[in-house]
Amino acid sequence: AWNAGTAVWSRDLGEDPDFHRRAALAVGLRAAVAVPVPVGDRVPSVLAFFSRATRDEDPHVVALVSAVARALGPAAQRRWTDILLREREATLRSLFDSSPQAILAVGHDGRIERANARAEVMFGYDGNELAGLALECLVPSRLRARHGQHLTRFFADPRKRPMGAGTELFGVRKNGSEFPVDIDLTPVGTVPHPVVMAVVNDLTERREAQRRFLEGARGRGRGDRRRE
């Protein structure tokens, strides 16, 4: 039934060369009918019924069981789809939570729906404190109006892009300290209300490295002029 995709009747399992479940014979099972449960072009499951007496094939029984199997097909499809979706969601959740980058899932109302561990550490929050918080709470107060404009423009035309391209962005920690950031925005879901995945990078170390490099370059320049 699995391989053929059609109903299979066995009058006597003991004489059926294709039947290998010896345990069934040991408990006295003799005849059987197996009917595939079709889901599209796949057969994810089979209905099997057994009898303790040998029985010739009964077309009415085969037709009845086949009808039940066909009726179960859509339910099996939904079950299969639910399993795949849960597995996919679990994988995505694991990737989200374990990402070395700070990620915030933000709804169209500007509130944080989910934040990973790296985001909590970056902004100095514990546990689930970020969930439900307005995203603007992570922006210095002097920049919140501009941030709101960026977010409004993004949801008006949701597509993957950096936030505030060409402008300096800053985040603010729970303790009030500020730090430079860049933010990549990616819409997830369907319009009109997609969720935006905001990937936040702390630029503090990069800016500090640039500062040291420029200071070193200026120092070398002054030394060269003195030698001249």
Inset, instruction - May I ask you to check whether D12 and T54 show a side-chain donor-acceptor distance below 3.5 Å? - result: no

Inset, instruction - Compare every heavy atom of D202 with every heavy atom of T204, then report the nearest pair and how far apart it is. - result: OG1-OD1, 2.6 Å

Legend entry - Test item: side-chain donor near acceptor, N201 and D182, under 3.5 Å: yes

Inset, instruction - For the pair R146 and E168, find out whether any cationic side-chain nitrogen is under 4.0 Å from an anionic carboxylate oxygen. - result: no

Legend entry - Separation of L169 CG from L203 CG (nearest 0.5 Å): 8.5 Å

Legend entry - Sub-4.5 Å side-chain heavy-atom contact between R52 and L29: yes

Legend entry - Interatomic distance, L133 atom CG to K174 atom NZ [nearest 0.5 angstrom]: 10.0 Å

Legend entry - R30 vs R55 side-chain heavy atoms within contact, under 4.5 Å: no

Legend entry - Separation of E205 CD from Q210 CD (nearest 0.5 Å): 12.5 Å

Inset, instruction - Measure the NE2-CG distance between H150 and L185 for me, rounded to the nearest 0.5 Å. - result: 10.0 Å

Legend entry - Non-hydrogen side-chain atoms of L138 and I112 separated by less than 4.5 Å: yes

Legend entry - Side chain proximity check, V196 to P187, heavy atoms < 4.5 angstrom: no

Inset, instruction - Nearest 0.5 Å please: distance from the CD atom of E129 over to the CD atom of E120. - result: 8.5 Å

Legend entry - Min side-chain heavy-atom separation F170-H147 under 4.5 Å: no

Inset, instruction - Find out whether F179 and R173 are in side-chain contact, i.e. whether some heavy atom of one side chain is under 4.5 Å from a heavy atom of the other. - result: yes

